[in-house]
Amino acid sequence: MEIRDRYAPSPTGLQHIGGIRTALFNYLFARSRGGKFILRLEDTDRTRFDPSYVQNLYDTFAWLGLHWDEGPDAGGPAGPYIQSERFELYKKYAAGLVEAGKAYYCFCSPQRLEAVRKEREAAHASETGYDRHCRDLPPAEAARRAEAGEAHTIRLKIPLGGDLPVTRFRDQLLGDIEWKNSDINPDPVLLKSDGFPTYHLANVVDDHLMGISHVLRAQEWLPSTPLHVIMYQAFGWEYPEYCHLPMVMGQDGKKLSKRHGATSIDEFRRQGYLPEALINYVALLGCSYEEGGDFQGEAGLPSRKTGIYTLEELERRFSLDKLNKAPAIFDYKKLEWYNGHYIRMKSDQELAALALPWAAGLFGKSGNLPSRDEGLSAQNGGLPSQGEGKPSPEQWRAFIAAMPLIKERVSFLQEIPAKLEYLFSEPPLPQAEEFIPKKSDLRETIRLLRLGRSLLEPMAGANDQEAEALAKAEAERREVKLGDLLMPLRVAVTGSRVSPPLFGSVRILGAVRCLERADRALAVLEGAAGNSGPSLAERDAQ
Ligand code: GLU
Ligand code: ZN
């Protein structure tokens, strides 16, 4: 059997974690079985539809690097893949069901339906919804009224009594499911009076016509499935394999929602998450990928023990029998950890390009954000375009060179620029106390900074080991602690006691700028000490 599955979003909102998880599992299932993954837009709800949501869908999946084999943009043999372009089909199939006696015309006005609903509610009736008022109209009479133009819907005849009081189907994850027909929405509408299909009709007709073999969807759709199975039976079609995916919960055990944190992929993107991290983490929501043990981790990636998987690996390993029944808990901390991991896996050049959209403030006075696409094209070694808020060639080189300084210290791209501000503009000069190492004093600090200053020139041309050796030798010679020697220098150069590594910073800034910063700091310290000794310039000349 050819495996064909689909992601069938309704473009009525931004793409969010739950939708992405459904799409990813369908994608992985199709890939793991050499099948086809299809995108279908279920845009029958025209009141909540917005074209920006369609754009968001395309942007999100392009960013994630997930592609469908067939879809509105990709084309394919089962198109069109947009439901609003298939309305004639749904009408035809609904009419077919009426003809076969499996569905019927309902002429009830909205007012009548509302009155029935209220009446039943007031009476606390066990049955709610439609009262099947038109179910037994003589078909010939109903057909005449419909043809004469009387407003009507088409409703599915849920089999009642007789030998079909229950509907059974098998769910790949949940096992055998049995549903009393009397518990199913009484004779739901398939075609509305304006000729629009309901979700149920369009979904079933399309899954059939598109040759969908497997429906992997969120568990909230489970109550619709008996109804869908009845429709397949009414059409005389075979229904697909169903697999209702485990729920995704927040850590409080409630369905994941905005209350828990970001849920839309746009938000994660804005915060500086990498697509690799989202894919890796979302793939683990309700599924495991461990297996035999013959797997070799890819270059530099710790393999299965830590749950690090590339998309290719996930494609190889995904299988429905590794799904968990229990709800998955979405852990923002874990996702953050994955993001830090994938940030560390990037080359300096790649990381700089990825961080660029957040870095406008570093490079120019007025922060004009370079677009993400510019950041991405810069990944291929290109230089981002010039202009306000964009780096000069020198700044760009410095930005790339600075990546090793922060790679181990950030979890999000967004954090990177703030940590590197001191490389691109003069950091505000801290108060004198900030420079003073523990158990030291101002006079001693001035001496230490002078010693440190003398190291800047050779340090700027040295690698980390050489710079450290230089500093150690000087500390020994002057009988001071290495940490004490470097603390005032660090504050002078970076503007902070806690900063990215000093040696790398000195290298990137260069001797001239570092000497200027050291002198600026010395002036402050000496001012604070009321130092009346020889001025710096004088001493340098000595
Ligand atoms: N359009 C439905 C949704 O928005 C599709 C459900 C299904 O996969 O059948 O999730
Ligand atoms: Zn009716």
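Side-chain atoms are counted along with the backbone in the values below, which use heavy atoms only and exclude waters and symmetry mates. Counting starts at 1 for both ligands and their atoms, following the listed order.
- The closest side-chain heavy-atom distance from His208 to Met231 is not below 4.5 Å.
- Of all protein heavy atoms, the one closest to atom 5 (C) of ligand 1 is Ala8 O, 3.2 Å.
- The shell of residues lying under 4.0 angstrom from ligand 1, judged by heavy atoms, includes Tyr199.
- Geometrically, ligand 1 and Val215 share no nitrogen or oxygen pair separated by less than 3.5 Å.
- Taking the six-membered ring for Trp and the full ring otherwise, Phe330 and Tyr281 have centroids separated by under 6.0 Å.
- Taking the six-membered ring for Trp and the full ring otherwise, Phe25 and Phe318 have centroids separated by under 6.0 Å.
- Atom 8 (O) of ligand 1 has as its closest protein heavy atom Arg6 NH1, 2.6 Å.
- The aromatic rings of Tyr273 and Phe268 sit perpendicular, their planes meeting at an angle over 60°, well past the 30° parallel limit.
- With a 4.0 Å cut-off on non-hydrogen atoms, Asn203 touches ligand 1 through its side chain and not its backbone.
- In this structure, Phe37 and Tyr27 have perpendicular ring planes: the angle between them is above 60°, well past the 30° mark.
- Side-chain contact annotation: Tyr81 with Glu70, donor-acceptor N/O pair under 3.5 Å present.
- Ring to ring, His228 and Tyr199 are close: their centroids are under 6.0 angstrom apart.
- The distance from the Zn ion (ligand 2) to the nearest N/O/S atom of Thr153 is not under 2.8 Å.
- Residues Asp321 and Ser319 bring a donor and an acceptor atom of their side chains to less than 3.5 Å of each other.
- When hydrogens are left out, the protein atom nearest atom 3 (C) of ligand 1 is Trp221 CZ2, 3.4 Å; that is the closest non-hydrogen contact.
- Of the protein's non-hydrogen atoms, the one nearest atom 9 (O) of ligand 1 is Arg217 NH1, 2.8 Å.
- Between SG of Cys108 and SG of Cys134, the angle at the Zn ion (ligand 2) works out to 100°, rounded to 10 degrees.
- Nearest to atom 1 (N) of ligand 1 among the protein's heavy atoms is Glu42 OE1, 2.6 Å.
- The nearest protein atom to atom 4 (O) of ligand 1, hydrogens excluded, is given as Ser10 OG, 3.3 Å; this is a heavy-atom distance.
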